[in-house]
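Working notes for the structure below.
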Amino acid sequence: MINFLYLGLVFLAVASGVYGLTNLVLRPRVLQERLKAGGDITQPGGQVPHWQERVVQLAGPLAKLVLPAEGWETSSLRVRFMNAGYRHANAPIVYFAAKVVMAIVLPMLVLFYISVFRSGPPPDSVLMTVMLLWVAGFGFFLPNIFLGWKIKHRQLELFETFPDAIDLMVVCVEAGLGMDAAIARTSEEMRLRSQALADELHLVMLELRVGGTRESALRNLALRTGLEDVNALVTLLIQSDRFGTNVAEALRVHADGLRNRRHMRAEEAANKVPVKLVFPLVLCIFPALMLVLAGPPAITVYRVLFPVFSH
C-alpha cells in the first residue's frame with residue numbers, strides 16, 4: 001500500500017509539473033497570437049474555459065461530500081464568496097472539493113515524509129493518529145484561510161480606490177450627468193485603476209437596466225463589497241435621493257472623509273514599520289553584526305591568553 005502511495009504521489013507531482021511548464025511555455029504564445037490577430041484574449045461571449053469546466057466536472061463528486069444540500073442562497077458563506085469576488089455558480093463546488101482534497105492529500109504527504117526520512121512517531125501509535133487528524137483538519141480549513149485572505153485583499157483594493165471613484169462621480173454630476181449615467185461613466189474610467197471596483201459599479205448599472213430600483217442596487221453593492229465605508233456611501237446616496245439634497249456636495253464631503261481615512265491608514269502602516277523591523281534585526285542582522293565585530297577580538301584573545309593559562 002505504501003508503494004502504491006509513493007507511485008501515486010510521484011505521478012501527481014510529475015503530471016502537475018509537466019502541465020505547469022506546458023502552460024507557462026505555450027500560453028504566452030497563444031496570447032501573443034491573439035493580440036497580433038486583433039482578437040480578444042478572453043473567452044468569447046463570457047464562456048467558461050474548457051479546463052475550468054473539466055475541473056468542475058472532476059471536483060463535483062468530491063464537493064458533494066460536504067456541500068450543503070439547502071440554504072446556500074441565504075448563507076453567510078455565499079456573502080463571503082461575493083466579498084471575495086467569486087460570483088460564478090461553480091465557485092462553491094471548487095471550494096468544497098478543495099476542502100476534501102486538502103484533508104486527504106496533506107495527511108498522505110505527512111505519511112510519505114515520515115516513511116521516507118524515518119522521522120516522527122511510529123505509524124501505528126496514538127500520537128501519529130492524532131497528528132494525522134490535526135493535519136487533516138488543517139487541510140480542511142485551509143480553503144477558509146485562503147478565502148479570508150482573498151476577501152481582505154479585495155476589500156483593501158476597494159477601500160483604496162473608492163475615493164478616486166467618488167471624485168469621478170462628483171465631476172460627472174457637476175458636468176450635468178444624472179446619477180445613473182455618472183455611475184456608468186465612473187465604472188468605465190475606473191477599469192484602468194481597479195478592475196474589481198469597475199466590475200462592482202458595472203453590476204449596479206446592470207441591476208438598474210433590468211428595472212431594479214436605485215436603492216436596492218446600491219444596497220446590493222454594499223452587501224457585495226462588505227465595507228462599512230461603502231455602506232455609509234450607499235446610505236448617503238439614498239438619503240440624498242430621497243430628500244432632494246445636493247448629491248455632488250455630499251459626495252465631495254464623503255470623498256474627503258474617505259481620503260483622510262486612507263491617509264491615516266497609510267500613516268498607521270508606516271508607524272508599524274519600526275516595530276516590525278525589530279524581529280529581523282534581532283534574529284538575523286544583529287547576530288551577524290556581533291559575529292563580525294566581536295569575532296576577530298575573540299580569536300585574538302583565544303590565541304594570546306589560552307597558551308598563557310595552559311602553562
Side-chain angles (χ1 to χ4, degrees), residues 76 78-87 144-175 177-205 207-208 214-279:
S76 59
R78 181 172 179 269
V79 178
R80 286 175 59 84
F81 271 102
M82 290 191 296
N83 294 338
Y86 299 128
R87 290 183 286 267
N144 296 42
I145 300 174
F146 173 78
L147 184 63
W149 173 83
K150 186 68 176 178
I151 292 173
K152 184 178 179 181
H153 180 74
R154 190 169 185 270
Q155 287 181 345
L156 179 61
E157 179 184 351
L158 294 175
F159 173 78
E160 291 179 348
T161 55
F162 239 97
D164 302 331
I166 296 177
D167 290 336
L168 286 175
M169 288 183 190
V170 171
V171 173
C172 294
V173 171
E174 289 182 345
L177 294 178
M179 195 61 205
D180 298 345
I183 294 176
R185 184 65 179 177
T186 303
S187 66
E188 295 177 2
E189 297 294 334
M190 288 301 296
R191 291 193 181 277
L192 298 176
R193 179 70 172 87
S194 173
Q195 183 66 34
L197 181 56
D199 292 340
E200 294 295 340
L201 295 177
H202 184 65
L203 285 177
V204 174
M205 287 307 305
E207 291 186 26
L208 293 175
R214 186 185 301 172
E215 180 177 354
S216 63
L218 292 175
R219 292 195 184 278
N220 290 334
L221 172 65
L223 180 64
R224 290 194 304 269
T225 57
L227 289 173
E228 292 294 334
D229 299 319
V230 180
N231 194 11
L233 173 63
V234 168
T235 304
L236 176 67
L237 292 176
I238 292 174
Q239 291 180 353
S240 299
D241 190 19
R242 184 175 300 172
F243 297 109
T245 57
N246 190 355
V247 178
E249 187 64 27
L251 288 175
R252 185 180 291 106
V253 173
H254 191 73
D256 292 337
L258 287 179
R259 196 173 293 106
N260 290 332
R261 288 195 59 186
R262 185 174 62 180
H263 183 71
M264 292 173 61
R265 189 166 183 171
E267 289 183 348
E268 180 184 359
N271 292 329
K272 289 180 180 179
V273 171
V275 179
K276 294 180 179 179
L277 285 177
V278 170
F279 298 100

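No experiment lies behind these values; they were computed from the predicted model shown. Numbering starts at 1 and runs along the sequence shown. Values below: all heavy atoms of this structure, side chains included; hydrogens, waters and symmetry mates excluded.
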Pairs satisfying salt bridge (Lys or Arg N to Asp or Glu O under 4.0 Å), at least one member in residues 149-160, at least two apart:
R154-E200
The criterion is ring-ring contact (aromatic ring centres under 6.0 Å, His included); which residues satisfy it with H153, sequence neighbours excluded?
W149
Residues which pass side-chain contact (heavy atoms from CB on, under 4.5 Å) with V79, listed by chain and number, not counting sequence neighbours:
M82, N83, L223
Heavy-atom side-chain proximity of R261 to F159 below 4.5 angstrom:
yes
Under the side-chain contact (heavy atoms from CB on, under 4.5 Å) rule, collect the residues that match up with R191, sequence neighbours excluded.
Q195, A198, D199, H202
For V173, check side-chain contact (heavy atoms from CB on, under 4.5 Å) against everything at least two apart and list the hits.
M179, A182, A248
Minimum heavy-atom distance A222-V230, with the two atoms named:
CA-CG1, 4.1 Å
Counting only heavy atoms not in E267, do more than 12 fall under 6.0 Å of its CD?
yes
Taking the side chain as every heavy atom from C-beta outward, state whether L236 and V247 have any pair of such atoms under 4.5 Å apart.
no
Taking atom CZ as the centre, does R185 end up with more than 12 heavy-atom neighbours from other residues, nucleotides or ligands that are less than 6.0 angstrom away?
no
Set of side-chain contact (heavy atoms from CB on, under 4.5 Å) partners for L168, sequence neighbours left out:
T186, E189, M190
Any side-chain heavy atom of M205 sitting closer than 4.5 Å to one from L208?
yes
